[in-house]
Amino acid sequence: MDAPPPSSRLQSILQEAVQSVQWTYSLFWQICPQQGILIWGDGYYNGAIKTRKTVQPMEVSAEEASLQRSQQLRELYESLSAGETNQPTRRPSAALSPEDLTESEWFYLMCVSFSFPSGVGLPGKAYARQQHVWLTGANEVDSKTFSRAILAKSAHIQTVVCIPFLDGVVELGTTEKVPEDLALVQHVKSLFIDDHQGHLHPPKPALSEHSTSNPDTSSCHLRFHSQPMSPMCAAVNDDPPVNANQGEDDDEEEDDDDDDEEQDQSDSEAETGRNSRQGAADQIPEAVVPPVPEPSELMQLDMSEDIRLGSPDDGSNNLDSDFHLLAVSQGVNPADDQQQRGDSHRAESSRTWPMALQEPVMIGSSLQLPPSGSGQIPPEEELTPEDTHYSQTISTILQKQPTRWAESSYVTYSSTQSAFAKWTDRSDHFLAVPVPVEGTSQWVLKYVLFTVPYLHSKYRDENSPKLGDVGGDPASRFRKGTGTPQDEMSANHVLAERRRREKLNERFIILRSLVPFVTKMDKASILGDTIEYVKQLRKKIQDLESRNINNQILEGDQRSRSADGSKDQRVLDRNARVGSGKRKLRKVEGSGGGAKPKSVDSPPPPVATSVQVSIIESDALVELQCGNKEGLLLDIMQMLRELLIEVTAVQSFLTNGVFTAQLRAKVKDNVNGKKASIVEVKRAINQIIPQYVN
Amino acid sequence: MENSSQESHLRSENSVTHESPYPLYAMAVCGQRIAVGSFIEDYTNRVDVVSFEPESLSIKTHPSLSFDHPYPPTKLMFDPNSSSRKSSSNRHLLASSGDFLRLWDVGDSSIEPVAVLNNSKSSEFCAPLTSFDWNEIEPKRIGTCSIDTTCTIWDIEKGVVETQLIAHDKEVYDICWGEARVFASVSADGSVRIFDLRDKEHSTIIYESPQPDTPLLRLAWNKQDLRYMATILMDSNKVVILDIRSPTLPVAELERHRACVNAIAWAPQSRRHICSVGDDSQAFIWELPLPPVAGPNGIDPMSMYSAGSEINQLQWSPAQPDWLAIAFSNKMQLLKV
């Protein structure tokens, strides 16, 4: 596993990437053109640190400390892989020894030993497919799925993402459980792409890293397949936060023997690493660096004795457990990926799209995503499913892009024949520019968007044109659209309001038909008369009720009279409801007899003639009841027509010689622009109907 | 073009002007054919198809290539396939939006209505359309957007609605395809949303106007680099450049117009160039840095052109990439870029 020497630029991007998202580590798997396999290129460890060793015990920034740590880890790896695991003497004094490491550091360290053919392992898959692979629950999957699963388990690495680039794969891992987050992927991509474009942004490290380490058993007994694995590395556990800023390290200890100190710190996790279960965790007192107040647990380190670095012979195969592998599907078909992503479970600490403005995600500049699971709850937790949805969408869109980008040449538009002149900011260019009057900006655009659609609506309302009257007759009636956009914006409401008004008018007509003595046709009068009418009715009910009581008292006396209900009683039977005629309102007039209301039903030969006319705007309602005569209905309609009242609906019936009719009609303007009045209509009707009023 | 009659143009080396009897708004370019829609504040409007003669730098009108349109068409667009074919045949499908989505067959000497697409099941009217976009990858697919907050996806071959989505909270003003099944839309609710037809339940807001409910009026997706799209706001001189990968914050805002921006168009053959026109009667071509991140002083246009009055329309067709079409007052002008 010869990794190329760390290029400082690559490292700085890796650093920026991992720090900006506050994950545990970042790695770059570099493609070896000859063998076509991905090998460790570089990495940056951003996680918990157990002990520090520096050559100069001076205060270093968190960033420097982390950087240093990454280098130290690499040195350690090299020394370890150089042959024996115990080669203390060959290492510089400041070097780390295995017991200095946290589990996540171990994970990171071990990653150096992996390599992946294209298509194998997470990095290999990501690279072969040129699509990122997101794995959550990396510490729970089996080794077939994630070759570093056991390491991940001990290191509590839960989430790993591999992002392909042209010349390799960037891998990031964290001890948090983070659901797939396309923004993060895109962010990382942008960092690298930008770099490729020569727009490298200076890294903006997170200043305080509360990475923590966990006193777990590190089961380092993995035999590494040198071949098929997916890239994932370092893990950090959250526990006591170690402020990296305090990274003053003493170098006192050069403990070299990695393997000697084995103390079994069987933690709850110990059982997870089955075959690697020889976690000897050592409490290394010397390792405690005095100036760094680290929790004591940090010093517990489990080391496995049989780490064989770089030995390709041993396969790791163990731990079948549930796992959630996102977007790792065999098919290159994006649909497969989508499906898988759709199935992925979501961790509690899901990071959703930062929809709110206060969460800026800027491509091309360094970005500080809130640590997942931190107090910065994304504003719309429920949007989580959309992440997946949107990431699928984005990947669909961008899938074709690489080719397109490659094709698209940089067209330059600088031909001398161009109608365009070089831009200058000199204001004299603008002197001739008509400054739009306030309020007229984007006038045409606004008119097209805000007004024209409502013109169509209005036009339809008023003209009801048939479909497809392409370029039909000009709407001469239609006034020129001079309304302001704001007016037109509310046209929807206007439509609704119009419907409401029509309904209201309809109801007024009905109400008008219910009330026998409405004189004026304006709505206030109708309402006023109705109120009056209801009062009367109420009074009548009271009267009738009291009379009823009287009747009961006087029942004996009354019986004979009530048998002859028609005696001195005038009954006006009116159809109470327009259009239905089912409900009858009975108005009993004349109190002479004190008959029971029931008796009303008996047919009264004398017909009370009643004519009611309502006209509201252009709607008219005529109700009449009278004695019948031949051709009466026709005569009435003809008469109405002469008055320019177009009957639209008629309901009439004849009972015992009593003609009852309701006519609904539209009233048109006469030549003088006036409509027939109620009085006119009434008079005309009265001239037609037979008048034998009792 | 046997029926070509008079030439109505003003000539110069690098621009051609067509003067119409009426103000112009909608415009579509297809090879050498240009459809222009009148902007008359009345029911009677017209769409004329004129032809551009690059050799003689002239524009010919064809009185027979014209049809009435109720009110000004809100958008005109030629079949993207025929426009990319560089007009081997002279028959082109033209779509217009307004009360309905209408399809027209533009032939040599006549224009025949092909279809009137109405998606309303309940009444004979669908809600009026503010804009539409023809899917380049799937040319049988047209997406329309409406004041009734919906977007409708048509299969124009079958003449049926593929799907209708309630896209926004308010009127939808523009729609733009990014891929065969992915489109974006802008609305009076001030948001840019991306839709994927494979999952119609969800849409993703990738931008919201800074002032709540400031309508977004137009949208343009960079077909050469689908990561980026541009939108314009009501009463704003800004062109907002968005990166679909990073929702919420625009990657850049182009704010050199002295007045409001009316139209935007990405260059058909370059990822980096975008044109914008505005009420300041300026047309700017911008060359965006890669990535399009603005420096502290913002981004300056690369070049500029001054028209006589407010420029209302802009088209930069892949079929005629060297010429950019603008419309102002009653003029349509082709500008060499």
Side-chain angles (χ1 to χ4, degrees), chain A residues 183 186 190 194 197 199 353-355 357 359-365 385-386 389-390 392-394 396-398 401 404-405 408 410-411 413 417-423 425 429-430 433-434 436 441-442 444-445 448-449 452-453 455-457 459-460 467-468 470-472 474-475 478 480-481, chain B residues 13-15 25 39 41-44 67-69 71-72 74 99 113 116 124-125 128 130 147 173 178-179 182 194 196 199 202 204-205 217 224 226 235 243-249 251 258-260 262 269-271 273 279-281 285 290-291 293 300-305 312 335-337:
Chain A
Q186 294 299 346
S190 70
D194 292 350
Q197 292 163 344
H199 288 264
W353 281 97
M355 291 293 178
L357 290 171
E359 282 294 344
V361 181
M362 290 275 302
I363 292 292
S365 65
E386 296 190 11
H389 165 76
Y390 187 58
Q392 293 161 9
T393 303
I394 293 278
T396 310
I397 295 169
L398 299 182
Q401 279 299 136
R404 291 206 199 182
W405 294 340
S408 63
Y410 290 148
V411 181
Y413 296 103
Q417 291 132 30
S418 170
F420 286 77
K422 188 167 166 48
W423 184 80
D425 198 18
H429 277 273
F430 295 92
V433 173
S441 61
Q442 296 171 327
V444 172
L445 177 59
V448 162
L449 291 179
V452 168
L455 294 180
H456 288 294
S457 297
Y459 183 79
R460 287 166 183 175
L467 261 192
V470 175
F478 193 74
K480 288 206 170 189
Chain B
E13 291 285 307
N14 45 29
S15 73
Y25 177 70
F39 178 82
E41 297 171 66
D42 204 340
Y43 190 83
T44 318
F67 57 86
D68 287 326
H69 197 276
Y71 297 111
T74 52
D99 49 352
V116 177
E124 54 183 328
F125 304 122
T130 50
I147 55 169
Y173 288 142
E179 196 262 345
V182 179
I194 290 187
D196 190 332
D199 183 359
H202 298 110
T204 304
I205 296 178
L217 303 185
Q224 293 299 313
L226 290 171
D235 297 328
D243 184 331
I244 61 168
R245 302 165 302 172
S246 64
T248 311
L249 269 197
V251 289
R258 302 287 173 109
C260 292
N262 288 320
Q269 290 183 335
S270 161
R271 320 159 39 180
H273 293 88
D279 282 342
D280 56 5
S281 73
I285 295 179
L290 282 174
V293 180
D300 286 335
M302 181 181 77
S303 56
M304 59 190 288
Y305 174 82
N312 297 312
L335 305 173
K336 191 140 175 60
V337 295

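Labels below follow one simple rule: chain letters A, B, ... track the order of the sequence lines, proteins then strands, and each chain is numbered from 1.
A distance of 6.0 Å separates CG of A:L449 from CG of B:L217, quoted to the nearest 0.5 Å. With values rounded to the nearest 0.5 angstrom, B:M302 atom CE is found 9.0 Å from A:K422 atom NZ. In this structure, B:I147 CD1 and A:H456 NE2 are separated by 9.0 Å, a value rounded to the nearest 0.5 Å. Note that the CG atom of B:D243 and the CD1 atom of A:I394 stand 8.0 Å from one another [nearest 0.5 Å].
Across all their heavy atoms, B:N14 and A:A419 have their closest contact at O-CB, 3.4 Å. Minimum interatomic distance between B:K336 and A:F420 (heavy atoms only, all atoms of both residues): O-CD1, 3.8 Å. For the residue pair B:P128 and A:P453, the shortest heavy atom distance occurs at CG-O, 2.9 Å. Of all non-hydrogen atoms in B:P72 and A:V452, the two that sit nearest each other are O-CG1, 3.6 Å. Across all their heavy atoms, B:N262 and A:L445 have their closest contact at O-CD2, 3.5 Å. Closest non-hydrogen pair, B:D300 versus A:W423, comes out as CG-CZ3, 3.2 Å.
Side chain of A:Q442 to main chain of B:D235: a donor-acceptor pair is present (N/O by atom type, distance under 3.5 Å, no hydrogens or angles).
Both the backbone and the side chain of B:D199 come within less than 4.5 Å of a heavy atom of chain A.
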